[in-house]
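Data block below; observations after.
Numbers for residues simply follow the sequence, beginning at 1.
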Amino acid sequence: MEKQKNTIGRRKEAVARVYVSKGTGTILVNDKDYKTYFALIYLQNQVEAPFKTIDALDKFDVKVNAQGGGIKGQAEAVKLGIARALCEINPEFRPALKAAGLLKRDPRQVERKKPGKAKARRSFQFSKR
């Protein structure tokens with residue numbers, strides 16, 4: 001049997017360490033089923049996206065350690081990690097995954113808070129008197 005591939009996916013403050021091996025389609029995130037961990041359907045779709053792109057939803061087992069950030073950031077970090085691992089397993093998957101935009105790390109981060117402002121851009125409420 002082929003050795004497992006491990007990659008890392010990041011998004012915002014979230015980091016997902018992804019271990020992909022040949023198997024039956026089990027996806028565990030922090031030792032829970034991904035459908036339990038990511039309760040929202042659209043987050044489950046994010047995690048499944050790389051497999052749906054290459055039609056291999058039940059050919060690989062995935063184990064993920066996700067930490068940091070929020071639930072959405074973690075789901076998107078897992079997506080990137082899985083896509084990267086699939087490219088390592090079979091380079092022929094790369095064009096399809098790249099065309100679907102699954103190999104690009106989303107560079108958007110939270111803008112820092114500025115002094116004299118309530119948030120990054122929001123000013124304090126103006127009072128005439």
Do Ile89 and Phe60 have side chains that approach each other closer than 4.5 Å (heavy atoms only, starting at C-beta)? yes

Take atom NZ of Lys98 as the centre, draw a 6.0 Å sphere, and report whether it contains more than 12 heavy atoms from other residues, nucleotides or ligands. no

Results of side chain to side chain contact (heavy atoms under 4.5 Å, CB included) for Asp58 - residues two or more places apart only: none

Set out, in order, the CA-CA distance, both residues' side-chain angles and the distance that settles side chain to side chain contact (heavy atoms under 4.5 Å, CB included) for Tyr19 and Val64, then state yes or no. CA-CA 6 Å; Tyr19 305 90; Val64 181; over 6 Å; no

To the closest 0.5 Å, what do you measure between CG (Leu102) and NZ (Lys52)? 11.5 Å

Check whether any side-chain N or O of Gln44 sits under 3.5 Å from a backbone N or O of Phe38 as a donor-acceptor pair, and report yes or no. yes

Reference residue Leu43; test side chain to side chain contact (heavy atoms under 4.5 Å, CB included); the match among Asn45, Ile41, Val47, Leu40: Leu40

For Arg108, salt bridge (charged side-chain N to carboxylate O under 4.0 Å, His left out) partners two or more places apart: Asp106

Roughly how far, to the nearest 0.5 Å, is the SG atom of Cys87 from the CD1 atom of Ile82? 12.5 Å

Any Leu80 side-chain heavy atom under 4.5 Å of Arg105 side chain: yes

Worked verdict on Val18 versus Ile8 for side chain to side chain contact (heavy atoms under 4.5 Å, CB included): CA-CA 6 Å; Val18 180; Ile8 208 160; over 6 Å; no

What I'd like to find out is whether the side chain of Val20 reaches to under 4.5 Å of the side chain of Gln4, using heavy atoms alone. no

Mind checking the CZ-CD spacing from Arg94 to Glu92? Nearest 0.5 Å is all I need. 13.5 Å

Asp61 side chain to Thr24 main-chain N or O, any donor-acceptor pair under 3.5 Å? yes

Would a distance-only check, ignoring hydrogens and angles, find a side-chain to backbone donor-acceptor pair under 3.5 Å from Gln74 to Gly68? yes

Under 3.5 Å donor-acceptor, Lys59 side chain and Leu57 backbone: no

Rounded to the nearest 0.5 Å, how far apart are CZ of Arg84 and CG of Leu103? 8.0 Å

So, Thr53 side chain and Ala96 main chain: donor-acceptor pair closer than 3.5 Å or not? no

Quick one: salt bridge (charged side-chain N to carboxylate O under 4.0 Å, His left out) pairs with a partner in residues 70-83, sequence neighbours left out? Arg11-Glu76, Lys72-Glu76

Over 12 non-hydrogen atoms of neighbours within 6.0 angstrom of NZ in Lys113: yes

Validation: residues 119-129 side-chain donor-acceptor distances under 3.5 Å, sequence neighbours left out:
unit_1: Arg121; atom_1: NE; unit_2: Glu111; atom_2: OE1; d: 3.1
unit_1: Arg121; atom_1: NE; unit_2: Glu111; atom_2: OE2; d: 3.2
unit_1: Arg121; atom_1: NH2; unit_2: Glu111; atom_2: OE1; d: 3.2
unit_1: Ser123; atom_1: OG; unit_2: Lys117; atom_2: NZ; d: 3.0
unit_1: Ser127; atom_1: OG; unit_2: Arg129; atom_2: O; d: 2.8

If you measure from NZ on Lys5 to NZ on Lys22, what distance do you get to the nearest 0.5 Å? 10.0 Å

Asp31 meets the salt bridge (charged side-chain N to carboxylate O under 4.0 Å, His left out) criterion, sequence neighbours left out, with Lys63

Could you tell me whether the side chain of Val62 reaches within less than 4.5 Å of the side chain of Tyr34, counting heavy atoms only? no

Is the number of heavy atoms from other residues, nucleotides or ligands under 6.0 Å of Lys32 NZ greater than 12? no

Closest non-hydrogen atom pair, Thr7 against Gly81: OG1-O, 2.7 Å

Output all residues satisfying side chain to side chain contact (heavy atoms under 4.5 Å, CB included) with Leu28, sequence neighbours left out; order by chain, then residue number. Thr26

Minimum-distance pair of heavy atoms, taken over all atoms of Leu86 and Pro50: CD1-CB, 3.9 Å

